[in-house]
Amino acid sequence: MSENWLVDLVPTERPKRVAYLFPHAGAGVSAVLALGRTLAPDPHPVAIRLPGRESLLDEPPIADLPTLAEKLSRAIRTHAGGAQIILYGHSSGSVLAYETARALQPKTATLLAASAQQAPGTPVRTTAGCWDRPDNEFFAQVIADGYLPAELLNTPDILEMVAPALRADYRATHQHLTTAAPWTPLTSPILTIRATQDQTVTEEDIAAWSTLTTNHHTTTLITAGHNLLRDHPTELAHALHHALPSTP
């Protein structure tokens with residue numbers, strides 16, 4: 001894998017804790033930049049940038065979530081060194097963060113945080129299954145999900161450029177969530193963050209994350225819509241800081 005999959009958002013030297021930030025479908029560093037800068041300096045923020053976007057636009061996207069998680073877990077082990085590992089994912093990024101946490105074991109993440117995403121193992125009510133629809137239907141759903149501005153419908157060249165990564169991420173998430181694979185609980189604590197005005201995720205979807213840890217599970221509410229990364233990075237950073245144990 002490319003070393004550019006992990007992007008340090010601020011300079012640092014030997015951090016005690018590192019937060020790896022998994023953006024939503026089709027997104028890269030830019031989606032988590034505001035959150036990362038607000039989190040810094042502790043934990044040190046690192047963005048996850050997958051193939052098919054930003055500086056990795058020429059690399060083919062990977063539409064297999066377990067493969068991505070395994071590659072990321074190896075890279076994170078090396079990158080973190082002796083630092084504590086924190087994993088945060090937004091929307092579909094939460095599913096990849098969870099699978100990466102599973103792949104990291106027996107090394108335990110200090111915290112897994114997930115926002116705006118139903119727990120793996122719950123009945124799939126997301127729209128991720130739209131990945132194979134015609135362009136007009138697919139992009140209409142991505143816009144409804146808040147991940148593309150509506151004016152991009154008038155720029156087919158840009159849509160053609162971002163479509164492969166978007167479709168790969170929607171496909172990987174949907175196919176993974178609809179498999180019959182066992183959902184192994186983590187030994188890491190889990191923080192879930194629910195936007196009170198988010199119509200895509202129910203309270204039950206969020207509560208079900210408690211079955212995915214043998215440690216404790218807490219939930220934070222933010223008065224907002226689905227796209228917390230874009231609209232409320234400061235509140236997200238506060239929730240993450242509050243959930244972390246004090247450093248020695």
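Along the sequence shown, residues are numbered consecutively beginning with 1.
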Distance-only, no hydrogens or angles: does the [X] side chain make a donor-acceptor pair with backbone N or O of [Y] under 3.5 Å?
X	Y	result
H226	Q197	no
Q84	T108	no
T122	Q118	no
S73	L104	no
D8	V10	no
N215	T187	yes
W209	Q117	yes
T173	Y170	no
S92	A25	yes
D205	T202	yes

Any chance you could measure [X], atom [atom1], to [Y], atom [atom2], to the nearest 0.5 Å?
X	Y	atom1	atom2	value
N4	E59	CG	CD	7.5 Å
L236	L191	CG	CG	9.5 Å
L112	S94	CG	OG	7.5 Å
S188	Q105	OG	CD	6.0 Å
R49	L56	CZ	CG	5.0 Å
I85	Y20	CD1	OH	5.5 Å

Hey, can you tell me if H176 and W183 have their rings parallel, tilted or perpendicular (30° and 60° cut-offs)?
->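 Rings of H176 and W183: perpendicular, as their planes differ by over 60°.
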
For [X] and [Y], work out which heavy atoms get closest and say how close.
X	Y	value
M161	P164	O-CD, 3.6 Å
L96	A69	CD1-N, 3.9 Å
P23	A31	CB-CB, 4.0 Å
H217	T213	CB-CG2, 4.2 Å
P45	G36	CG-O, 3.2 Å
R17	P245	NH1-O, 2.5 Å

Go through the steps for S115 and Y88 under the test side-chain hydrogen bond (donor to acceptor under 3.5 Å, both in side chains), then give the verdict.
-> CA-CA 8 Å; S115 63; Y88 162 75; 2.6 Å; yes

Checking salt bridge (Lys or Arg N to Asp or Glu O under 4.0 Å) for the pair D64/K71: CA distance, chi angles, key distance, verdict?
-> CA-CA 11 Å; D64 182 276; K71 289 177 179 292; over 6 Å; no

Mind running side-chain hydrogen bond (donor to acceptor under 3.5 Å, both in side chains) on T219 and R194 for me, showing each step along the way?
-> CA-CA 7 Å; T219 297; R194 185 173 75 86; over 6 Å; no

Can I143 and L153 be said to form a side chain to side chain contact (heavy atoms under 4.5 Å, CB included), step by step?
-> CA-CA 9 Å; I143 288 168; L153 288 176; 3.4 Å; yes

Side chain proximity check, [X] to [Y], heavy atoms < 4.5 angstrom:
X	Y	result
V46	L21	no
L72	L6	yes
L68	L50	yes
L212	Y98	yes
F22	H90	no
V162	L57	no
H238	H241	no
L35	L229	yes

Show your reasoning for whether salt bridge (Lys or Arg N to Asp or Glu O under 4.0 Å) applies to R53 and D58.
-> CA-CA 8 Å; R53 62 216 79 197; D58 292 335; over 6 Å; no

Is L221 reachable from I193 through a run of hydrophobic residues whose side-chain heavy atoms are each under 4.5 Å from the next?
->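 Per the 4.5 Å side-chain linkage, I193 and L221 are not co-clustered.
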
Tell me, yes or no, whether the heavy-atom count around H79 atom NE2, taken from other residues, nucleotides or ligands under 6.0 Å, exceeds 12.
->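 Correct, the count exceeds 12.
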
Should the heavy atoms of other residues, nucleotides or ligands under 6.0 Å from CZ of R37 be counted, would the total exceed 12?
->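 Check fails, neighbour count at 12 or below.
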
Between L87 and I76, is a side chain to side chain contact (heavy atoms under 4.5 Å, CB included) present by the stated rule, with each step listed?
-> CA-CA 10 Å; L87 304 177; I76 287 171; 4.1 Å; yes

Please assess K16 against D42 for the test salt bridge (Lys or Arg N to Asp or Glu O under 4.0 Å), listing each intermediate value before the final yes or no.
-> CA-CA 8 Å; K16 293 182 178 180; D42 178 41; over 6 Å; no

Just do the side chain to side chain contact (heavy atoms under 4.5 Å, CB included) check on T218 and H216 with the steps written out, would you?
-> CA-CA 7 Å; T218 57; H216 63 273; 4.2 Å; yes

Go through the steps to decide whether H242 and T220 satisfy the test side-chain hydrogen bond (donor to acceptor under 3.5 Å, both in side chains), and finish with yes or no.
-> CA-CA 10 Å; H242 184 73; T220 294; over 6 Å; no

Go through the steps for L111 and L240 under the test side chain to side chain contact (heavy atoms under 4.5 Å, CB included), then give the verdict.
-> CA-CA 9 Å; L111 178 72; L240 286 166; 4.3 Å; yes

